[in-house]
Amino acid sequence: MAKYGSNSIIVAVDNSSGTPVTMTNYVTTINAVSVEALLQETTAFGDAWQEQLSTGMRRAEPIVLGGLYDDTSTTGPDAIFNDVAITITWGGSKTTACEAIITNYTRTATRGELTAYEVTLTPTGTVTEA
């Protein structure tokens, strides 16, 4: 089993014109990328244990990327993170990909530090893991 470090991660984003742009050099943090199966409680009267069944639906939690702010007009995170699709390559060929809406974009300035950004990408449909 191969092990991968942060130098194996590739973050690619399709910008608003559908052109893939590698943003790896601008990303220093990625939250936990989480895919969840939805369940429905089916516990009947008289049951001693809670029961649940799968609804057959799944969802992905928002993906939060962070890094140093860069307002370069065509390549920086301030320009690229608009209406996007995201693909994260986890090393080797394992990928997570989805269409997403930016639900939050924050720039943070702290005295004595470089300005940072954080973008929350909320998946809008199917998440493909290959």
Side-chain angles (χ1 to χ4, degrees):
M1 176 193 295
K3 307 284 190 259
Y4 299 104
S6 61
N7 62 338
S8 300
I9 302 273
I10 299 170
V11 178
V13 175
D14 283 357
N15 63 17
S16 58
S17 65
T19 305
V21 179
T22 300
M23 296 300 293
T24 308
N25 292 337
Y26 295 102
V27 178
T28 59
T29 61
I30 303 172
N31 74 324
V33 175
S34 174
V35 178
E36 174 184 10
L38 300 180
L39 303 175
Q40 180 173 341
E41 185 180 339
T42 58
T43 309
F45 292 115
D47 286 347
W49 288 86
Q50 183 181 37
E51 297 172 358
Q52 297 184 50
L53 292 175
S54 173
T55 65
M57 300 285 297
R58 295 171 26 122
R59 73 170 168 215
E61 294 297 318
I63 299 167
V64 180
L65 306 176
L68 297 177
Y69 175 75
D70 185 334
D71 64 355
T72 303
S73 64
T74 59
T75 60
D78 199 54
I80 297 301
F81 290 125
N82 290 310
D83 180 25
V84 299
I86 183 170
T87 300
I88 299 172
T89 303
W90 299 103
S93 60
K94 174 69 176 175
T95 61
T96 301
C98 64
E99 294 289 325
I101 293 175
I102 293 177
T103 52
N104 191 13
Y105 180 78
T106 306
R107 292 173 291 265
T108 305
T110 303
R111 184 182 48 78
E113 296 181 11
L114 297 172
T115 300
Y117 78 90
E118 185 174 270
V119 61
T120 302
L121 305 170
T122 301
T124 59
T126 303
V127 175
T128 304
E129 296 201 303

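Only this structure's heavy atoms are used, side chains among them; waters, hydrogens and symmetry mates stay out.
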Between Ala60 and Val127, what is the shortest heavy-atom contact and its length? CB-CG2, 3.4 Å
Do Val13 and Val33 belong to the same hydrophobic cluster, where Ile, Leu, Val, Met, Phe, Trp and Tyr are linked whenever their side-chain heavy atoms lie under 4.5 Å apart, directly or via other members? yes
ILVMFWY network linking Ile86 to Tyr105, side-chain heavy atoms under 4.5 angstrom: yes
Does the side chain of Tyr4 come within less than 4.5 Å of Ile9's, by heavy atoms? no
Of all residues at least two apart in sequence or in a different chain, which pass the ring-ring contact (aromatic ring centres under 6.0 Å, His included) check with Tyr69? none
How many angstroms lie between atom CD of Gln50 and atom OG1 of Thr43, to the nearest 0.5 angstrom? 4.5 Å
Could you check whether any side-chain N or O of Asn31 sits under 3.5 Å from a backbone N or O of Pro62, counting only pairs where one atom can act as donor and the other as acceptor? yes
If we ignore angles and hydrogens, is there a donor and acceptor under 3.5 Å between the side chains of Tyr117 and Asp70? no
Heavy-atom check, side chain of Leu121 versus side chain of Ile102, under 4.5 Å: yes
Which pair of non-hydrogen atoms, one from Lys94 and one from Glu129, has the smallest distance, and what is that distance? NZ-CB, 3.8 Å
Can you tell me if Gln40 has over 12 outside heavy atoms packed within less than 6.0 Å of its CD? no
Indicate yes or no: at least one non-hydrogen side-chain atom of Glu113 is less than 4.5 angstrom from one of Thr108. no
Checking side-chain contact (heavy atoms from CB on, under 4.5 Å) against Trp90, which of Thr96, Ile10, Thr95 comes through? Thr96
Exercise: identify the closest heavy-atom pair between Pro20 and Asp14: CA-OD1, 3.2 Å
Show every side chain to side chain donor-acceptor pair (under 3.5 Å) that has at least one partner inside residues 118-128, sequence neighbours left out. Thr103-Thr122
I'd like to check Tyr26 versus Leu65 (side-chain heavy atoms, cut-off strictly below 4.5 Å). Are they in contact? no
Closest approach of Leu68 to Pro77 (non-hydrogen atoms, all atoms of both residues): O-CG, 4.1 Å
Could you walk me through whether Phe81 and Met23 pass the side-chain contact (heavy atoms from CB on, under 4.5 Å) check? CA-CA 10 Å; Phe81 290 125; Met23 296 300 293; 4.3 Å; yes
Could you grab the distance from atom OG1 of Thr24 to atom CD1 of Ile88, nearest 0.5 Å is fine? 9.5 Å
Please walk me through it: do Glu61 and Arg59 pass salt bridge (Lys or Arg N to Asp or Glu O under 4.0 Å)? CA-CA 7 Å; Glu61 294 297 318; Arg59 73 170 168 215; 3.5 Å; yes
Linking I/L/V/M/F/W/Y whenever any side-chain heavy atoms sit under 4.5 Å apart, do Val21 and Ile63 land together? yes
dist Thr75:OG1 -> Asp78:CG (nearest 0.5 Å) comes out at 11.0 Å
